[in-house]
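For reference, the structure is listed below as structure tokens.
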Amino acid sequence: MAKPVMICVAITGSLPKKVDNPAVPISVAEQIESTHEAFEAGATIVHAHVRNDDESPTSDPERFARLKEGLETHCPGMIVQFSTGGRSGAGKTRGGMLPLKPDMASLSVGSNNFPTRVYENPPDLVDWLAAEMLEYGIKPEIEAFDLSHIFKAKEMKDKGQLAGTPYVQFVMGVKNAMPVDREVFDFYIATVHRFFGEDAPWCAAGIGANQIVLNEWAIASGGHARTGMEDNIRLDRATLAPSNAALVKRAVELAERYERPVASWREARALLGLPVAA
């Protein structure tokens, strides 16, 4: 039987606003409703940011707490992954929600260029975030914007800074960072398997129109897929996505095309070595 494919839905992010697509969920209530629809469509991981009332990004632990409570109530078993990304705060503010003990959290282990700025992830902050995740039993998702970030994850694993088998996500298509390149993508997969074992799970995310490209590459290659409005607000050039669930359904259709079953939340937790929710 083919390996189940986990679908992660990145519901909001830090950049898209209502003016870009009215369906982008901004308030905690909207995020819970949007995630519930995506969960029913087949997503088993939710990658979550929170926003202020004016739609600006924040790392406010109180908002994360309300979001986590709502997700656990309305999407039982779904894997909750908080973002510690750099657009929502500076320094240790980025990890201020980790004591809430989500199942997972994103961990960018190195710096790189973004469209208009440097995405700074200094080594001391990376070490602190990783230590917080260890303390609170949170599984990191390693965000690999560059090949060096996979090597850094190997170094951290060898030093005992990461528990279990690292889960690496390749992020491709960010302007000024790693472009969408199939040979590089295949080398990323080979590097993850060389460092962490042939059974090590991995994921891929594509930005904008490249979302569906990376979804297909990942599913066809035995990996897992990320979709959602954080990375892409359209179904095609002329059509705004009506919901996060609509983007999840596209990934489900690809899984069916490649004869890979969509993972249930129980299967996803087993694949990632996470406990079953109480």
Side-chain angles (χ1 to χ4, degrees), residues 8 10-15 45-52 56-65 67-68 71 79-114 117-171 174 177-178 188 192 195-196 200-205 224 226 230-231 272-275:
C8 173
I11 54 171
T12 302
S14 295
L15 292 179
I45 305 171
V46 55
H47 176 76
H49 294 241
V50 291
R51 301 282 192 95
N52 293 310
S56 62
T58 179
S59 293
D60 180 7
E62 189 273 334
R63 289 178 185 260
F64 271 113
L67 179 58
K68 180 172 182 282
L71 294 175
I79 296 166
V80 177
Q81 180 188 112
F82 286 168
S83 171
T84 65
R87 293 189 187 274
S88 302
K92 293 183 178 181
T93 301
R94 290 167 50 177
M97 79 300 288
L98 295 177
L100 296 171
K101 300 182 180 179
D103 300 297
M104 299 181 73
S106 62
L107 180 63
S108 297
V109 297
S111 301
N112 59 278
N113 285 342
F114 267 8
R117 60 189 281 264
V118 175
Y119 182 27
E120 295 185 9
N121 293 289
D124 58 344
L125 177 60
V126 173
D127 290 345
W128 180 80
L129 288 169
E132 289 288 285
M133 293 180 199
L134 272 180
E135 178 177 351
Y136 293 113
I138 301 165
K139 185 174 184 67
E141 179 182 81
I142 305 299
E143 305 294 320
F145 293 87
D146 181 79
L147 178 62
S148 65
H149 299 168
I150 304 176
F151 277 75
K152 180 63 176 179
K154 173 66 161 59
E155 175 189 314
M156 294 177 73
K157 170 65 176 173
D158 291 346
K159 289 181 177 180
Q161 293 176 283
L162 305 175
T165 302
Y167 184 55
V168 179
Q169 176 171 260
F170 318 142
V171 185
V174 176
M178 180 54 67
Y188 278 1
V192 164
F195 285 166
F196 308 124
W202 55 270
C203 182
H224 306 284
R226 165 165 148 163
E230 172 174 351
D231 302 332
L272 292 171
L274 296 172

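This is a predicted model, so every value here is computed, not measured.
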Residue pair Phe64 / Thr58: nearest heavy atoms and the distance that separates them = CE1-O, 4.3 Å
Non-hydrogen side-chain atoms of Leu129 and Leu98 separated by less than 4.5 Å | yes
For Leu107 and Ala130 the tightest heavy-atom approach is CD2-CB, 4.1 Å
Below 4.5 Å, heavy atoms only, C-beta onward: do Thr84 and Met97 meet side chain to side chain?
-> yes
Please list, chain by chain and in numerical order, all residues satisfying salt bridge (charged side-chain N to carboxylate O under 4.0 Å, His left out) with Asp146, sequence neighbours excluded.
-> none
Residues that Arg87 engages under side-chain hydrogen bond (donor to acceptor under 3.5 Å, both in side chains), provided they are two or more places apart = none
When every non-hydrogen atom of Pro122 is compared with those of Ser111, the smallest separation belongs to N-OG, 4.2 Å
Salt bridge (Lys or Arg N to Asp or Glu O under 4.0 Å) pairs touching residues 155-168, sequence neighbours excluded, are Lys152-Glu155, Lys154-Asp158, Glu155-Lys159
Got a sec, which pairs hit side chain to side chain donor-acceptor pair (under 3.5 Å) with one end in residues 127-136, sequence neighbours left out?
-> Asp127-Gln161
Non-neighbouring partners of Phe195 that pass ring-ring contact (aromatic ring centres under 6.0 Å, His included), sequence neighbours left out = Phe151
Residues passing the ring-ring contact (aromatic ring centres under 6.0 Å, His included) test with His149, sequence neighbours excluded, are none
Hey, does Phe196 have a side-chain heavy atom less than 4.5 Å from the side chain of Val168?
-> yes
What pairs with Pro123 under side-chain contact (heavy atoms from CB on, under 4.5 Å), at least two apart in sequence or on another chain?
-> none
Looking at residues at least two apart in the chain, or sitting in another chain, which of them share a side-chain hydrogen bond (donor to acceptor under 3.5 Å, both in side chains) with Lys68?
-> Glu72
What residues form a side-chain hydrogen bond (donor to acceptor under 3.5 Å, both in side chains) with Gln169, not counting sequence neighbours?
-> Glu141, Glu143
Applied to residues 92-112, the salt bridge (Lys or Arg N to Asp or Glu O under 4.0 Å) test, sequence neighbours excluded, yields Asp103-Arg269
From Met104 atom CE to Leu274 atom CG, the distance as rounded to the nearest 0.5 Å = 6.5 Å
Nearest atoms (heavy-atom pairs only) where Tyr119 meets Ser108 | OH-OG, 3.0 Å
Is Met178 close to Val171 at the side-chain level, that is, under 4.5 Å between some pair of heavy atoms?
-> no
Shortest non-hydrogen contact between Gly13 and Arg51, atoms and distance | O-NE, 2.9 Å
Note, Ile138 side chain near Phe82 side chain (heavy atom, < 4.5 Å) = no
Under the side-chain hydrogen bond (donor to acceptor under 3.5 Å, both in side chains) test, which residues partner Ser56, sequence neighbours left out?
-> Asn52, Asp54
Give a yes or no answer on whether the side chain of Ser83 reaches the backbone of Ala48 with a donor-acceptor pair at less than 3.5 Å.
-> no
For Pro140 and Leu162, the nearest pair of non-hydrogen atoms, with its separation, is CG-CD2, 4.0 Å
For Pro201, the side-chain contact (heavy atoms from CB on, under 4.5 Å) test, sequence neighbours excluded, returns Thr165, Tyr167, His224, Leu272
